[in-house]
Amino acid sequence: MNKNVNELIKPQYAQIWQTVQLIPIGKVACYGQIADLAGLPGRARLVGKALGKVPAFGWQKKPVPWYRVINSQGKISFPLGSEYFEKQKQLLQDEQVVIIGTKVKLRDFQWQPDLAELLFSLEF
DNA sequence: ACCTTGACGGTTC
DNA sequence: GGAACCGCCAAGG
């Protein structure tokens, strides 16, 4: 039909990846928050699944900053001490995000998207 | 078509 | 704080 067929095969993933790309450097977002912004309210688990399938070399020529997504309690969702836990922690700290123990202070670092800006960026 | 799997979230105790 | 429980539902087998 058209060249967007690839995106239509897994439309949910595409929307999720696109939304994650909007999280600014030095900020974090929750799985549920991304789901809501992507137009998939209540599907936080799907966000986790989609992030697990992020293309290693980016998507639409841009990287998907998967590490800026954490759970609603401000915690990294990988098992403490696992390879990916450490990797995510490191990448966040590289962006000056402060992690106390295993938690990020959401009050200070959670992304608060500007509605107008969002409407401009997302075209569903 | 049925069953299991999730990088989850909220509610409750 | 934290642990147990349950609802959620697309995707993949």
Side-chain angles (χ1 to χ4, degrees):
Chain A
M1 305 292 212
N2 59 55
K3 68 171 188 171
N4 291 320
V5 173
N6 278 336
E7 300 173 28
L8 295 174
I9 293 176
K10 287 160 191 144
Q12 328 291 71
Y13 286 3
Q15 290 175 204
I16 289 165
W17 293 337
Q18 186 185 356
T19 305
V20 170
Q21 286 173 329
L22 300 176
I23 307 172
I25 295 173
K27 292 290 180 183
V28 297
C30 303
Y31 295 92
Q33 181 185 3
I34 294 300
D36 290 345
L37 294 173
L40 305 164
R43 268 157 282 181
R45 301 188 73 147
L46 187 62
V47 173
K49 224 175 191 186
L51 289 185
K53 302 202 166 218
V54 168
F57 296 97
W59 183 70
Q60 300 283 103
K61 298 181 183 174
K62 284 180 292 186
V64 178
W66 56 269
Y67 56 88
R68 293 185 191 137
V69 185
I70 60 183
N71 71 27
S72 64
Q73 304 165 75
K75 294 199 287 190
I76 289 174
S77 288
F78 292 110
L80 184 59
S82 66
E83 180 190 350
Y84 273 93
F85 177 95
E86 296 301 336
K87 185 181 296 186
Q88 183 167 11
K89 183 177 178 183
Q90 184 65 59
L91 288 166
L92 287 174
Q93 289 178 330
D94 288 349
E95 297 185 348
Q96 322 303 324
V97 173
V98 176
I99 300 174
I100 300 167
T102 64
K103 291 171 81 172
V104 171
K105 246 192 178 179
L106 288 179
R107 225 177 12 184
D108 297 335
F109 295 99
Q110 184 170 25
W111 177 39
Q112 324 259 239
D114 175 72
L115 185 54
E117 196 178 312
L118 265 186
L119 293 176
F120 182 76
S121 308
L122 299 173
E123 312 247 348
F124 296 154

Problem set entry | Test log, rule side chain to side chain donor-acceptor pair (under 3.5 Å), inputs A:Q60 and A:Q21 | CA-CA 10 Å; A:Q60 300 283 103; A:Q21 286 173 329; over 6 Å; no
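Using cut-offs of 30° and 60° on the angle between ring planes, the pair A:F78 and A:Y84 is tilted.
DNA chain C is contacted by both A:P41 and A:K53; A:P41 maps to the nucleotide lying nearer its 5′ end (nearest heavy atom per residue). Nearer the 5' end of DNA chain C, as judged by each residue's closest nucleotide, is the contact made by A:Q73, out of A:Q73 and A:K49.
Of all nucleotides listed (B:dA7, C:dG2, B:dC8), C:dG2 comes nearest to the side chain of A:K75. Closest to the A:R45 side chain, of the nucleotides C:dA11, B:dA7, B:dG6, is B:dG6. Side chain of A:L51, nearest nucleotide from B:dA7, B:dG9, C:dG12: B:dA7. Listed candidates were B:dG9, C:dA10, B:dA7. Nearest to the side chain of A:N71 is B:dG9.
In this structure, A:K103 reaches the sugar-phosphate backbone alone: every heavy-atom distance under 4.0 Å involves primed, P, OP1 or OP2 atoms, never a base. Among the heavy atoms of the strands lying under 4.0 Å from A:G32 are primed sugar atoms or P, OP1, OP2 only; no base atom is included.
Between the side chain of A:R43 and the base of C:dG7 there is no donor-acceptor pair of N/O atoms closer than 3.5 Å.
In this structure, CD of A:Q12 is placed 17 Å from P of B:dA7, rounded to the nearest angstrom. For the pair A:D36 CG and C:dC8 P, the computed distance is 15 Å after rounding to whole Å. Rounded to an integer number of Å, the gap from A:E83 CD to B:dA7 P is 15 Å. What separates OH of A:Y31 from P of C:dA10 is a distance of 20 Å, to the nearest Å. Straight-line distance from the CD atom of A:Q33 to the P atom of B:dG9: 10 Å, rounded to whole Å.
Put simply, NZ on A:K87 and CD1 on A:I76 are 12.5 Å apart, with the number rounded to the nearest 0.5 Å. Atoms CD and CZ, from A:E95 and A:R68 in turn, are 4.0 Å apart once rounded to the nearest 0.5 Å.
The main-chain N or O of A:G52 is never found under 3.5 Å from a side-chain atom of A:W66 such that the two would form a donor-acceptor pair.
Between A:S72 and B:dG9 there is a side-chain N or O to OP1 or OP2 distance below 4.0 Å.
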